[in-house]
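Small disclaimer: the values here were computed from a predicted structure and weren't measured.
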Amino acid sequence: MDATTMRAERLRSHRLSAPARTIAEAARHMLATQAQEFWGGRWAVAQRTRGAPSLRDVDAAFDRGEIVRSWTMRGTIHLIPAEDLPWVLSITADRQHRQMAAVRRVESIDDAELDRTETATRAALAGGNRLTRKELAEVWELAGVSTAKQRGYHLLVAMSLRGVVCQGPVVPRAEGPTREQYLVLTEEWIRDPVTPADPAAELFVRYIASHGPAGARDFAWWTGLPLGVSRAAAEAAGDRLVVVADEPEPMYLAAGPAPRRAASAPDVLALPPFEEYYLSYVDRTVPCAPEFLSAIGPSMNGIVRPIIVARGEAVGVWTHSVAVGRHADDPIPELFAAGAATDAEVAASLDRYRAFITG
């Protein structure tokens with residue numbers, strides 16, 4: 001499959017050329033959307049939704065309990081449909097726990113400490129209560145659990161991986177984009193969790209449906225699972241997949257009708273930091289020329305910059321601040337080379353973002 005065809009198919013799988021009807025539907029299609037930059041994750045699902053949804057529209061989906069955020073895989077925060085969080089963690093949480101064991105030893109966080117933290121957390125949040133991260137840390141301190149230095153962060157991650165808490169409703173913020181969510185008890189906030197018959201196969205199919213064409217190595221990178229486990233998941237998915245290329249390894253699309261492309265979908269997009277279309281593959285030279293990869297990232301500190309994509313190819317980066325008083329400023333583009341996109345196309349892509357973040 002040539003690069004042009006690969007990009008076109010991935011744009012459709014990502015719903016960047018075939019947007020979903022609603023925020024919830026876009027999130028459900030993507031399953032897990034990288035969102036450690038909270039504004040970026042919200043912009044990612046908005047870009048995959050018809051019309052021009054605003055930041056408030058995405059926040060309303062959080063407040064209704066349709067979507068949540070948590071550390072779903074690779075030790076990274078993702079936006080995910082609430083109903084899917086428990087079963088995804090049933091596959092990925094144990095490996096994340098083991099990967100974090102060393103840093104927990106350094107922080108003197110053992111199982112007994114985690115049990116004390118869980119008991120205090122459940123008592124504080126039971127009955128529909130919700131707390132900010134700072135308020136929950138104060139609860140832990142009162143229970144005799146230190147949150148000094150990085151301990152508070154690692155305790156929060158542990159409680160999330162245990163499935164005790166998730167990040168749900170948005171904390172209001174006056175005169176600027178919201179930046180924080182309330183922590184809630186997962187079992188109370190997620191009232192109707194789903195349980196696939198074969199969670200590993202379901203995870204592979206959902207990844208391919210939202211990221212294909214892609215293969216087992218891409219899935220292994222995306223989930224952080226071993227390659228052998230990833231290949232077994234592909235095998236278990238069976239006739240729910242279609243092989244579209246087989247060299248050097250099978251590349252898949254989801255079986256059945258693909259999302260319908262929209263004639264109104266723009267050719268040039270301003271996509272967020274840690275964008276799934278760019279980041280979620282072993283080989284990122286499909287959406288980006290090799291000489292420009294370092295300009296996007298991941299950098300030495302793990303940062304992946306917002307990108308400008310023209311007809312499926314990353315042609316530049318852009319910057320913008322979501323600080324109060326600056327979120328209404330014009331985003332600033334930086335193209336890698338002249339002629340990849342017109343000034344009007346780039347301006348229109350950034351105008352859509354500006355309308356989103358101020359709406």
Side-chain angles (χ1 to χ4, degrees), residues 1-18 29-34 72-76 78 80 84 87-88 90-92 94-96 98-99 196-259 261 271 274-294 296-298 302 304 307 309 311-314:
M1 184 177 291
D2 62 84
T4 299
T5 303
M6 181 83 78
R7 291 172 192 147
E9 289 299 328
R10 285 185 177 175
L11 285 172
R12 178 159 63 175
S13 293
H14 277 267
R15 285 199 172 273
L16 292 169
S17 64
H29 176 82
M30 294 303 296
L31 180 60
T33 304
Q34 200 150 328
T72 58
M73 56 191 77
R74 304 195 317 274
T76 298
H78 288 76
I80 186 170
D84 291 313
W87 73 263
V88 169
S90 75
I91 302 171
T92 64
D94 180 65
R95 187 167 180 83
Q96 292 186 86
R98 286 187 278 113
Q99 290 171 336
D198 186 335
E202 177 72 10
L203 187 59
F204 193 89
V205 171
R206 297 280 287 275
Y207 169 74
I208 295 298
S210 56
H211 293 72
R217 288 184 183 275
D218 299 308
F219 176 80
W221 188 93
W222 187 68
T223 58
L225 296 173
L227 182 57
V229 172
S230 301
R231 286 173 172 161
E235 183 70 22
D239 59 6
R240 298 173 67 188
L241 303 173
V242 175
V243 177
V244 294
D246 55 12
E247 293 293 340
E249 289 190 295
M251 299 285 283
Y252 304 96
L253 282 172
R261 292 186 177 96
L271 298 177
F274 305 99
E275 165 57 39
E276 292 280 329
Y277 175 75
Y278 168 81
L279 187 60
S280 300
Y281 305 91
V282 173
D283 179 8
R284 299 184 185 116
T285 63
V286 174
C288 182
E291 61 267 31
F292 302 132
L293 291 174
S294 62
I296 299 172
V304 180
I307 56 175
V309 170
R311 289 159 280 278
E313 185 174 6

Nearest heavy-atom neighbours spanning V304 and G297: CG2-C, 4.3 Å

Rounded distance [0.5 Å steps], CD in Q99 versus CG in D94: 10.0 Å

Heavy-atom side-chain proximity of E276 to H78 below 4.5 angstrom: yes

Minimum-distance pair of heavy atoms, taken over all atoms of D239 and A255: O-CB, 3.6 Å

Carboxylate-amine/guanidinium proximity below 4.0 Å for E313 and R10: no

Separation of S210 OG from R206 CZ (nearest 0.5 Å): 8.0 Å

Minimal non-hydrogen separation, L253 against G212, with atom names: CD2-C, 3.6 Å

Close side-chain approach of R217 and L227, heavy atoms under 4.5 Å: yes

From CD1 (I80) to CG (L31), nearest 0.5 Å: 5.0 Å

R74: which of Q34, R95, Q96 passes side chain to side chain contact (heavy atoms under 4.5 Å, CB included): Q34

Which atom of P287 lies closest to which atom of Y277, heavy atoms considered: CB-CE2, 3.6 Å

L203 CG to S230 OG distance, which is reported to the nearest 0.5 Å: 8.5 Å

Nearest-0.5 Å distance, CD of residue E202 to CG of residue D84: 7.5 Å

Test log, rule side-chain contact (heavy atoms from CB on, under 4.5 Å), inputs V229 and F219: CA-CA 10 Å; V229 172; F219 176 80; 6.0 Å; no

F204 CZ to L241 CG distance, which is reported to the nearest 0.5 Å: 6.0 Å

Main-chain N/O of V309 paired with Y278 side-chain donor or acceptor, under 3.5 Å: no

Considering all heavy atoms, the nearest P199-P196 contact: CD-O, 3.7 Å

Ring geometry between H14 and H211 (parallel below 30°, tilted from 30 to 60°, perpendicular above 60°): perpendicular

T92 (side chain) donor-acceptor with T72 (main chain) under 3.5 angstrom: yes

Test item: R15 side-chain N/O and H29 main-chain N/O as donor-acceptor pair under 3.5 Å: no

Short side-chain to backbone donor-acceptor contact, Y252 and R240, under 3.5 Å: no

Steps toward side-chain contact (heavy atoms from CB on, under 4.5 Å) verdict (T223, Y207): CA-CA 9 Å; T223 58; Y207 169 74; over 6 Å; no

R7 side-chain N/O to V286 backbone N/O, donor-acceptor pair under 3.5 Å: yes

